[in-house]
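See structure below.
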Amino acid sequence: MVQIRIIPEPHIRDSNFQTRVDYLAEIRGYMHKIKDDLSKVRSLLSSEDKLIVIFDGDVFDRYFSDLGQCMEWIRFFVELNRITEGNVYSVIGNHEITYKRQNLFWMLADVKSAWVRETGMLTEEIVNFSRLIKVVDELVIDKLLILFGHYKCDLSWYTTERIKSTWPDVEEVMLISHNELLSESIISHFKNAYGFDLVRRRSGYVNIDTVGLLPPTDMLKMVYVGHMHKAYGALEVNENINGVDHNFTLQYLASIGRTNVEEVSNAFLERTIPIITVDNYDIDYSGDTFELVKEDVVVDTEALVARREAYESKAEIRALNTADINLTDPLNDLKIIYNRDSVLLSLLINAVENKIPMALTELVEEGQQLAARYGLGGSYGRR
């Protein structure tokens, strides 16, 4: 019997966020709970049984510079390998690619993935000194083929014909993806079922029918999706996608590591650890749920209020930075910058065009008379 457990992206860091009480301690708590649970599971399995752990990407949030934190997490993955007897795997997420330099992930990775090598991702920036996290493109367990949907990895090769030719015993395909996999119907489903707007504040998204995101095979039965921090829940997909009749369960795994403070909500604490059991060619999909720490415990409220106030105070500066300003046409620039204040805009335009309103001229003359009467220095009006 083989049991597989999928860990949603933890976004492990070596430094705290400004608006969090202690993000490092929070993530440490989640990860050690997961490790302790795995240790208990291992103790209940027989010596012939196998326990496999697969991360769905974004294991580490970004660069690591704190040596103490590096050593702590190296020890963690050493222990995880001891529990699983060396069966720790991971999908490549966007953070593994974007924050490649000094990312502890690549120091721990045992890269067997042809896709990683073909993309030229392995450069002198990556220093590998252990083999604690296996990076592969696929894994076969009895009749189950597990595909690793690395970030922007093209899965077009995995047609039904090629799968049956390469792995004759395979009857079922499971995908762990670190891509968006969205459509209008999926977005609508999550709004109605869970109240989540998956594309809020976004101008676009990657559609599920984008060629290569899904393997073009009707053998696909289960798809686990990471990457989308707040997407959580499952639905059934029964439709023809790119000429293939699909019938599979699509389950979104929200992040364990909530890197954006907007993700922290007491109404959204549940997370799922999917469990796949393969026993004598029987495949069972289930999962364990647990809750993240509540908002009032992990969010530094004072720091959050201060940051929001600072953000609002710079609204005018951001407006200037985003304005379509052309210094060769200052009058048009003024129209763009002050287009919401009609009175001020009118005064400025008249001033630039040397057309000062009578009321303003009279006000300047009155100021000059007062200055002369009381012996005040300075001058008023045009020079």
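Since we're looking at a predicted model, the values are computed, not measured.
Aromatic ring pairs are classed by plane angle as parallel below 30°, tilted from 30° to 60° and perpendicular above 60°; the pair H11 and H95 is tilted. Classification of the H32-W73 ring pair by plane angle, with boundaries at 30° and 60°, yields tilted. The aromatic rings of W115 and H150 lie parallel to each other, their planes meeting at an angle below 30°, with 60° marking the opposite boundary.
Atom OG of S113 and atom NZ of K134 lie 14.5 Å apart (nearest 0.5 Å). Rounded to the nearest 0.5 Å, atoms CG (N179) and SG (C153) are 8.0 Å apart.
Proximity of a side-chain donor or acceptor of N266 to a complementary backbone N or O of E295 within less than 3.5 Å is detected. N16 places a side-chain N or O within donor-acceptor distance of the main-chain N or O of Y23, the cut-off being under 3.5 Å. Listed for the K143 side chain is a donor-acceptor partner under 3.5 Å among the backbone atoms of Y281. At distances below 3.5 Å, not a single donor-acceptor pair connects side-chain atoms of D142 with backbone N or O atoms of L144. Using modelled atom types, one side-chain atom of E96 and one backbone atom of D58 make a donor-acceptor pair closer than 3.5 Å. Within the 3.5 Å criterion, the main-chain N or O of W106 finds no donor-acceptor partner in the side chain of N103. Looking only at distances, a side-chain donor or acceptor of D66 sits under 3.5 Å from a matching main-chain atom of Q69. No side-chain donor-acceptor contact under 3.5 Å links Y151 to the backbone of V91. The closest donor-acceptor contact from the side chain of N247 to the backbone of N238 lies at 3.5 Å or more, if one exists at all. In this structure, the side chain of H178 engages the main chain of D56 through a donor-acceptor pair within 3.5 Å.
Side-chain contact check for M174 versus F248: every heavy-atom pair is 4.5 Å or farther apart. By the 4.5 Å heavy-atom criterion applied to side chains, V173 and L147 are counted as neighbours. For the pair M222 and Y285, the minimum side-chain heavy-atom distance is below 4.5 Å. Residues K35 and I83 meet the side-chain proximity criterion, which asks for heavy atoms closer than 4.5 Å. Taking 4.5 Å as the limit, every side-chain heavy atom of N87 sits out of range of all side-chain heavy atoms of V53. With a 4.5 Å cut-off on side-chain heavy atoms, V223 and L175 count as touching. A 4.5 Å side-chain heavy-atom check between D49 and R42 finds at least one atom pair inside the cut-off. With a 4.5 Å cut-off on side-chain heavy atoms, I74 and L104 count as touching.
Linking Ile, Leu, Val, Met, Phe, Trp and Tyr whenever their side-chain heavy atoms come within less than 4.5 Å puts L80 and V41 in one cluster. In terms of hydrophobic clustering, with Ile, Leu, Val, Met, Phe, Trp and Tyr side chains grouped at heavy-atom distances under 4.5 Å, L45 and I34 are assigned to a common cluster. No continuous path of hydrophobic side-chain contacts links V278 to W167 [ILVMFWY only; heavy atoms under 4.5 Å]. Clustering ILVMFWY residues whenever any of their side-chain heavy atoms sit less than 4.5 angstrom apart, transitively, puts V59 in the very cluster that holds L38. I276 and I141 fall within the same hydrophobic cluster, where Ile, Leu, Val, Met, Phe, Trp and Tyr residues are linked whenever their side-chain heavy atoms come under 4.5 Å apart, directly or through other members.
Checked for salt-bridge contact, K33 and D37 meet the test: a charged N lies under 4.0 Å from a carboxylate O. A salt bridge does not link R75 to E72: none of the charged nitrogens lies less than 4.0 Å from a carboxylate oxygen. Electrostatic pairing of R258 and E26 counts as a salt bridge here, judged by a charged N lying under 4.0 Å from a carboxylate O. Using a 4.0 Å cut-off between a side-chain N of Lys or Arg and a carboxylate O of Asp or Glu, D137 and K112 do not qualify as a salt bridge.
Take K50 and apply the salt bridge (Lys or Arg N to Asp or Glu O under 4.0 Å) test, not counting sequence neighbours, and it matches no residue. With sequence neighbours excluded, the residues satisfying side-chain contact (heavy atoms from CB on, under 4.5 Å) with S156 are D154, V211.
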- [ ] Could you give me the CA-CA distance, side-chain angles and deciding distance for W157 and I163, then say whether side-chain contact (heavy atoms from CB on, under 4.5 Å) is met?
- [x] CA-CA 9 Å; W157 185 87; I163 290 172; 5.5 Å; no
- [ ] Please lay out, stage by stage, how I92 and F105 fare under the test side-chain contact (heavy atoms from CB on, under 4.5 Å).
- [x] CA-CA 10 Å; I92 299 298; F105 178 89; 3.6 Å; yes
Open item on the list: Walk me through whether L132 and D110 qualify under side-chain contact (heavy atoms from CB on, under 4.5 Å).
Closed with: CA-CA 7 Å; L132 298 176; D110 179 13; over 6 Å; no
- [ ] Check the pair Y99, Y63 against ring-ring contact (aromatic ring centres under 6.0 Å, His included), reporting the backbone distance first and the verdict last.
- [x] CA-CA 6 Å; Y99 305 107; Y63 323 108; 5.4 Å; yes
Open item on the list: Quick one, D61 with I12, criterion side-chain contact (heavy atoms from CB on, under 4.5 Å). Give me CA distance, side-chain angles, the key distance, then yes/no.
Closed with: CA-CA 5 Å; D61 189 44; I12 301 168; over 6 Å; no
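Minimum interatomic distance between I133 and S90 (heavy atoms only, all atoms of both residues): CG2-CB, 3.6 Å. Taking all atoms of both residues into account, the shortest heavy-atom contact from A109 to V135 is CB-CG2, 4.1 Å. Residues N242 and D209 approach most closely at ND2-O, 2.8 Å, considering heavy atoms. Of all heavy-atom pairs between A254 and P8, the closest is O-CB, 3.4 Å. Counting all heavy atoms, side chain and backbone alike, L213 lies closest to L155 at O-CD1, 3.4 Å. Of all heavy-atom pairs between I27 and P10, the closest is CD1-O, 3.5 Å.
For the side chain to side chain contact (heavy atoms under 4.5 Å, CB included) criterion with L145, the lone passing option out of V170, L139, T166 is V170. Each of V21, V293, V261 was checked for a side chain to side chain contact (heavy atoms under 4.5 Å, CB included) with V299, and the lone residue meeting it is V261. Evaluated for a side chain to side chain donor-acceptor pair (under 3.5 Å) with S255, the options E9, E263, R271 yield exactly one hit, E9. Shown are F77, Y224, F148; of these, the ring-ring contact (aromatic ring centres under 6.0 Å, His included) with F55 is made only by F77.
One side chain, R5 or Q3, offers a donor N or O that lies under 3.5 Å from an acceptor on the other. A donor-acceptor pair shorter than 3.5 Å cannot be found between the side chains of T210 and N207. Side-chain N/O atoms of Y232 and T272 include a donor and acceptor closer than 3.5 Å. Side-chain contact check for N240 and H246: no donor-acceptor pair (N or O, by modelled atom type) lies under 3.5 Å.
Counting heavy atoms of neighbouring residues, nucleotides and ligands inside a 6.0 Å radius, atom NZ of K152 does not exceed 12 of them. For R162, the CZ atom sits in a packed shell: over 12 heavy atoms of surrounding residues, nucleotides or ligands are nearer than 6.0 Å. In the displayed structure, E184 atom CD is contacted under 6.0 Å by at most 12 heavy atoms of other residues, nucleotides or ligands.
Judged by the 6.0 Å distance and 45° axis criteria, R13 is positioned over the aromatic ring of F17.
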